[in-house]
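Atom set for the values below is all heavy atoms of this structure, side chains included, hydrogens, waters and symmetry mates excluded. Counting convention: from 1, in listed order, for ligands and their atoms alike.
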Amino acid sequence: MEAVAALPRAAVRTDEVSLALVQRGGGRTEWVFTERAANAPPLARMHAGLEAMHACAQLHQSDPDTYWWWLADASLTFLGEELRARRFALVDGMLGPVAIRALRDEVREVRALGRLAASKLAGGRDGNKLTYTHSGVRGDLVGWFDGDEPELWRGGAFNKFLQKIDTMVAQLAEHVPDLVGISTRSKAMVTCYPGNGARYIKHCDNSCDTGRGERCNGRRLTVIMYLNEDWQPTDGGELRLYEPYAPKDKPPVADVQPLLDRLIMFYADYRVPHEVLPAHADRLAITVWYFDREEYAGARERGCSATDMLEQEAIENEIARFENRYGGKAERHRK
Ligand SMILES: O=C(O)CCC(=O)C(=O)O
Ligand SMILES: [Fe+2]
């Protein structure tokens with residue numbers, strides 16, 4: 001009989017082992033301990049730590065709605081490292097299958113009730129003078145909500161979600177110095193890209209380099225939860241992230257699919273230029289911006305006092321540029 005060589009257990013160091021989801025026969029998946037793949041592509045690597053935490057929760061039969069696995073020390077450390085190193089971080093399966101569908105259903109109802117409208121672009125420095133819509137630039141439907149609109153959110157999932165992300169960001173500030181000044185946030189913006197090739201061209205959520213100056217709007221961190229079950233690669237609609245000031249021929253940093261129960265957070269400023277690629281199916285998401293206290297106070301002060309004709313002219317130029325580049329006509333909404 002031939003001798004069978006077996007891998008001695010002692011040869012595998014526990015710090016080289018992690019949990020992974022593997023595909024078994026018949027499409028079945030299973031959590032197993034496995035050796036860490038040293039050359040895993042960036043997105044896969046990014047998930048490894050959180051997947052391990054999530055898997056542990058599952059092994060213990062924990063309901064992710066009550067066990068906030070993403071708040072465990074290891075999760076926050078991991079998210080903090082990601083944010084500091086890559087400027088963005090992903091959490092997959094944050095709320096769990098029950099809570100995320102409840103949230104998705106509440107958001108669907110809001111849309112069905114006609115509470116989302118064509119998004120407005122804020123013209124000029126403070127966005128205060130003139131807003132305009134232009135579907136070639138930004139083609140989503142949006143609504144802003146704080147969770148206490150009386151006839152909405154009856155199941156409570158929306159408010160629970162806001163409570164969770166507020167907690168997460170507050171805790172994360174202990175790991176990420178850039179987040180220490182966060183004290184408030186925006187209302188939640190519910191968006192639907194209605195699947196007709198709707199997109200949002202490349203931009204930053206806060207055109208602010210230094211934390212000072214007229215272009216700073218106070219947004220420090222963008223947090224987005226996606227709500228799209230069975231999203232297919234052919235549906236497009238990826239969030240494409242770029243390096244700051246990258247030359248045109250440099251490939252993007254990542255294309256993130258808007259999958260159900262996937263949360264992404266990234267720095268809202270110049271560090272993370274991004275765009276939404278054309279979406280060919282209904283694409284639902286909730287976005288919240290967390291404000292840096294000082295920067296936001298400065299932005300509000302300026303917002304109240306900024307008036308001049310030059311700015312009006314600059315906005316008209318901005319619209320003309322977009323019309324030129326993307327065709328179609330912008331609609332103006334004067335305040
Ligand atoms: O929904 C997304 O993935 C990003 C949308 C976006 O960039 C924005 O609303 O500023
Ligand atoms: Fe954005």
Original post:
Between CG of L241 and CZ of R86, what distance do you get to the nearest 0.5 Å?
Top reply: 11.0 Å
Give every pair formed by an N or O atom of ligand 1 and a protein N or O atom closer than 3.5 Å, one pair per line with both atom names and the distance to 0.1 Å, or write none.
residue, atom, partner, partner atom, Å
ligand 1, 1 (O), R283, NH1, 2.9
ligand 1, 3 (O), Y226, OH, 2.6
ligand 1, 3 (O), R283, NH2, 2.8
ligand 1, 7 (O), H203, NE2, 3.1
ligand 1, 7 (O), H274, NE2, 3.0
ligand 1, 10 (O), H203, NE2, 3.1
ligand 1, 10 (O), D205, OD1, 3.1

Original post:
Does R108 reach the main-chain N or O of R104 with its side chain, forming a donor-acceptor pair under 3.5 Å?
Top reply: no
Original post:
Around atom CD of E294, are there more than 12 heavy atoms of other residues, nucleotides or ligands at under 6.0 Å?
Top reply: no
Original post:
What protein N, O or S atoms come within a distance below 2.8 Å of the Fe ion (ligand 2), ordered by chain and number?
Top reply: H203 NE2, D205 OD1, H274 NE2
Indicate every side-chain donor-acceptor pair of residues 141-148 with a distance under 3.5 Å to a residue at least two apart or in another chain.
residue, atom, partner, partner atom, Å
D146, OD1, D148, N, 3.2

Original post:
By the rule that ILVMFWY residues connect when side-chain heavy atoms come within less than 4.5 angstrom, directly or transitively, which residues belong alongside Y245?
Top reply: Y270
Original post:
Hey, is R115 close enough to E151 for a salt bridge, meaning N to O under 4.0 Å?
Top reply: yes
Original post:
If Ile, Leu, Val, Met, Phe, Trp and Tyr residues are connected whenever their side-chain heavy atoms lie under 4.5 Å apart, and connections chain through other members, are Y226 and V253 in the same group?
Top reply: yes
**OP:** Would you check if the side chain of N206 reaches a backbone N or O of A268 as a donor-acceptor pair within less than 3.5 Å?
**Re:** no
Original post:
Cluster question for you: counting only ILVMFWY and a side-chain heavy-atom cut-off of under 4.5 Å, with indirect links fine, are W289 and L162 together?
Top reply: no
